[in-house]
Amino acid sequence: MIKLDIQERDGYLIMDDFPENCIFNKVKTGCGATTIALTNNENYIIAVPTTELVINKCYPPKDKDGKDIAWKKSQIQAGVSPINDRLFGLYGKLNRTVKAKLSKFLKQDGVKKIICTYDKVEKLIEFINPPDFKILVDEYHNLLKQYGFRTRVINQIIEKFKCFKSHCLLTATPIPERFKSSVFAEMEEYVANWKTVDKITVYPYPCKNASATSAKIIKHYQDIGYFVLDGIKSEEAYFFVNSVREIKEILEEAKLTNDECRIICADDELNHYKLEGFEISSSTAPVKRFTFVTCKAFEGVDYYSETAICFIVSNGYNKHTLISIDMDIPQIAGRIRTKSNPFRNKIVHIFNPKVINYYVPFDVMEERIEDELDTARRRVEQLNKETDIKILKQQDKEFERLGVHTYIIKKDGRYEVNDMVAQLKLYQHWTAHIVYRSSEALQEAYKELGMTVTKGYEWSIADDSAVKDALKPPQFRDYLKRFCDLKEKPSLTDNEQRELRAITDKYPFLEQGYKQLGQTLRRHRTIKEIEALIE
């Protein structure tokens, strides 16, 4: 790894361009790295892992002056960004209309920027001259994380990125050395040398049921209008839950309505079915009190809020929710962009580990996979000597059927060992069976993260008592204060009106008390005292 002295201002990169033909570890999330490729004087292809990230950059929720922009769903489509005519967003179906838009865009004069999902890189090569463009593969750690279900697409990126003028694989959370495949291990890696340090605090909260605990937190917000962490009030919450099924459980248990929440997940038929009764939203939609986010928008997407806390929800019995401590946690910690938000660098991790009495130790798993790789290497050697076409065709069909479950792939007519599969297996084993095997193991992983020396971040791990204390049942004085706060407001939102009704349903005498005592009602501390005054 090579330390790179960077140009920075107020926590943002102000470089003209990236180092070339390398991995660039920017260290910090939300530091404006992608903006460099979007605004400099080079032709760029910016390849990103999700559609939501393309949309978020082409249709940002804030304008250049920091004012909110409300985009209608009908406005959002693949094509030239309405706020930047040098930027083309490419995702979804590459139909005749989109092809026509792209061809017209490429014919215009001046610098061109195309931000696209990973799967569009190979298709773009048909429309452009690759040596005229640099390529930035954003959030490159996803080339490992998503390899299990995007094998063909990721193989194409790995094969094609060297055909461009230059390439840079960008991330703030690089693939740990223990999980790097040879294709990445052989690349030069630069690490941004920050002078400023951001402090991140993680609040691990072990519990018996992660979904039920999330619903309890939502109820806490609803009952008294806020959630207090470290003595500071939060009036809004983001829940990062990589499972639509888990999100639906939380919604139902918390009795939320569409008016109270937005759900940012893949907009497909299956998710509409799972979320029956709830709408699928996006990061560009108007903000609501509770936002639920799947991995569709864990990374690179900008959110803005003055008081929101980020809650991560992990259910040990649902592997999709088991997020990586070293790659996912730092990404989520950087999602809120509002610098004045006191919770911007704080995250609460709610988790219930799956109790595992027996598990394969990591070093044993490493030995097993190395043995399998040795077998694959010998098999590759044999296949590359084989001359019987029938045998080779049969092998090709078998490898195609096995997909990500085989260590052998074919490139340019020759067989090779694909160690990405091996590294993915190790990464998945580490996350599901080592880190999340118990509450103690997960908290130990956090301690290791906190001890990792990373120039740019200072990690601290809070005691779980902080969240326990915050979740103590509200007292009457909490309801009284919130009731008086709401009554003194000149106008109320729909959510606030519901809150007020819930409080008066619980304590009907407060309405009469406010009529008689007005603002002085808040001075009284007990039910008995107030009831005596209004008799």
Side-chain angles (χ1 to χ4, degrees), residues 207 209-229 231-239 241 247-263 275 277-279 281 286-292 305-309 311 313 343 348 350 467-535:
C207 60
N209 185 313
S211 294
T213 300
S214 302
K216 187 177 178 182
I217 288 169
I218 290 168
K219 186 72 166 59
H220 204 89
Y221 274 97
Q222 292 171 319
D223 283 346
I224 58 174
Y226 51 81
F227 182 87
V228 178
L229 187 63
I232 306 169
K233 292 179 183 178
S234 162
E235 295 180 348
E236 192 182 334
Y238 280 72
F239 291 88
V241 195
I247 289 173
K248 185 64 182 296
E249 284 185 17
I250 296 168
L251 295 171
E252 289 180 340
E253 184 146 357
K255 296 182 173 59
L256 286 177
T257 65
N258 266 316
D259 293 336
E260 297 171 288
C261 66
R262 61 175 176 164
I263 303 160
L275 290 168
F278 291 90
E279 297 170 359
S281 187
V287 174
K288 295 182 181 179
R289 193 175 190 184
F290 304 108
T291 298
F292 295 86
S305 171
E306 290 292 340
T307 71
I309 295 175
F311 295 89
V313 185
F343 306 104
V348 177
I350 305 161
V467 182
K468 283 181 183 176
D469 290 345
L471 275 175
K472 286 178 180 175
Q475 302 299 306
F476 170 69
R477 61 179 177 272
D478 298 315
Y479 288 108
L480 173 62
K481 183 180 183 304
R482 182 60 177 169
F483 172 83
C484 292
D485 288 344
L486 292 171
K487 292 295 284 187
E488 289 165 16
K489 277 192 166 189
S491 62
L492 299 178
T493 64
D494 290 343
N495 286 338
E496 288 171 336
Q497 288 173 0
R498 278 192 287 269
E499 273 185 63
L500 186 60
R501 283 196 298 271
I503 294 172
T504 52
D505 286 346
K506 190 176 183 71
Y507 302 107
F509 59 87
L510 288 179
E511 280 289 359
Q512 181 62 30
Y514 194 78
K515 282 180 184 176
Q516 289 185 218
L517 303 171
Q519 294 182 4
T520 62
L521 175 66
R522 67 169 67 241
R523 299 177 188 170
H524 305 283
R525 309 292 290 172
T526 66
I527 295 173
K528 187 180 288 187
E529 183 183 356
I530 293 170
E531 286 181 332
L533 289 168
I534 62 176
E535 281 179 357

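This is a predicted model, so every value here is computed, not measured.
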Mind running side-chain contact (heavy atoms from CB on, under 4.5 Å) on Leu251 and Cys261 for me, showing each step along the way?
CA-CA 9 Å; Leu251 295 171; Cys261 66; 3.8 Å; yes
Hey, mind stepping through Leu510 and Phe476 against side-chain contact (heavy atoms from CB on, under 4.5 Å) and telling me if it holds?
CA-CA 11 Å; Leu510 288 179; Phe476 170 69; 4.2 Å; yes
Going through the checks in order, is the side-chain contact (heavy atoms from CB on, under 4.5 Å) test met by Leu517 and His524?
CA-CA 10 Å; Leu517 303 171; His524 305 283; 4.1 Å; yes
Gln222 and Leu256: CA distance, side-chain angles, deciding distance, side-chain contact (heavy atoms from CB on, under 4.5 Å) verdict:
CA-CA 10 Å; Gln222 292 171 319; Leu256 286 177; 3.4 Å; yes
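Residue-environment remark: NZ (Lys288) exceeds the threshold of 12 foreign heavy atoms within 6.0 Å.
The distance from atom CD of Glu235 to atom CD of Glu306, rounded to the nearest 0.5 Å, is 10.5 Å. From Asn258, atom CG reaches atom CD of Glu279 across 4.5 Å, with rounding to the nearest 0.5 Å. In this structure, CD1 in Ile224 is found 9.0 Å from CZ in Arg482, a value given to the nearest 0.5 Å. With rounding to the nearest 0.5 angstrom, the NZ atom of Lys468 is 10.5 Å from the CG atom of Leu471. The line from CD of Glu499 to CD1 of Ile503 is 6.0 Å long, rounded to the nearest 0.5 Å.
Shown here for Ile250 and Ser214, the closest heavy-atom pair between the two residues is CD1-CB, 3.8 Å. Taking each heavy atom of Thr291 and Arg262 in turn, the nearest pair found is OG1-NE, 3.0 Å. Nearest approach of Arg501 to Thr504, heavy atoms of both residues: O-OG1, 3.0 Å.
Here the side chains of Ile530 and Tyr507 are not in contact, with every heavy-atom distance at 4.5 Å or above. Counting only heavy atoms from C-beta outward, the side chains of Arg289 and Ile218 never approach each other to under 4.5 Å. Side chains of Asp478 and Gln475 form a contact here, defined as non-hydrogen atoms less than 4.5 Å apart.
Judged by distance alone, with hydrogens and angles left aside, the side-chain atoms of Glu260 form a donor-acceptor pair with the main-chain N or O of Thr257 at under 3.5 Å. Remark: side-chain polar atoms of Tyr221 are paired, donor with acceptor, to backbone N or O of Glu236 under 3.5 angstrom. Between the side chain of Asp223 and the backbone N or O of His220, no donor-acceptor pair lies under 3.5 Å. The main-chain N or O of Thr307 is found under 3.5 Å from a side-chain atom of Ser234 such that the two form a donor-acceptor pair.
Evaluation of the side-chain contact (heavy atoms from CB on, under 4.5 Å) rule for Lys487 yields Phe483, Leu500, Glu511, Tyr514 as partners, not counting sequence neighbours. Take Lys233 and apply the side-chain contact (heavy atoms from CB on, under 4.5 Å) test, not counting sequence neighbours, and it matches Tyr226, Val228, Lys481.
Listed by first and then second residue, the salt bridge (Lys or Arg N to Asp or Glu O under 4.0 Å) pairs that reach into residues 520-529 are Asp485-Arg522, Glu488-Arg522, sequence neighbours excluded.
Ring geometry for Phe311 against Phe239 counts as parallel: the plane angle stays under 30°, on a 0 to 90° scale with 60° as the upper cut.
For Phe343 and Phe227, the ring centers are positioned 6.0 Å apart or more.
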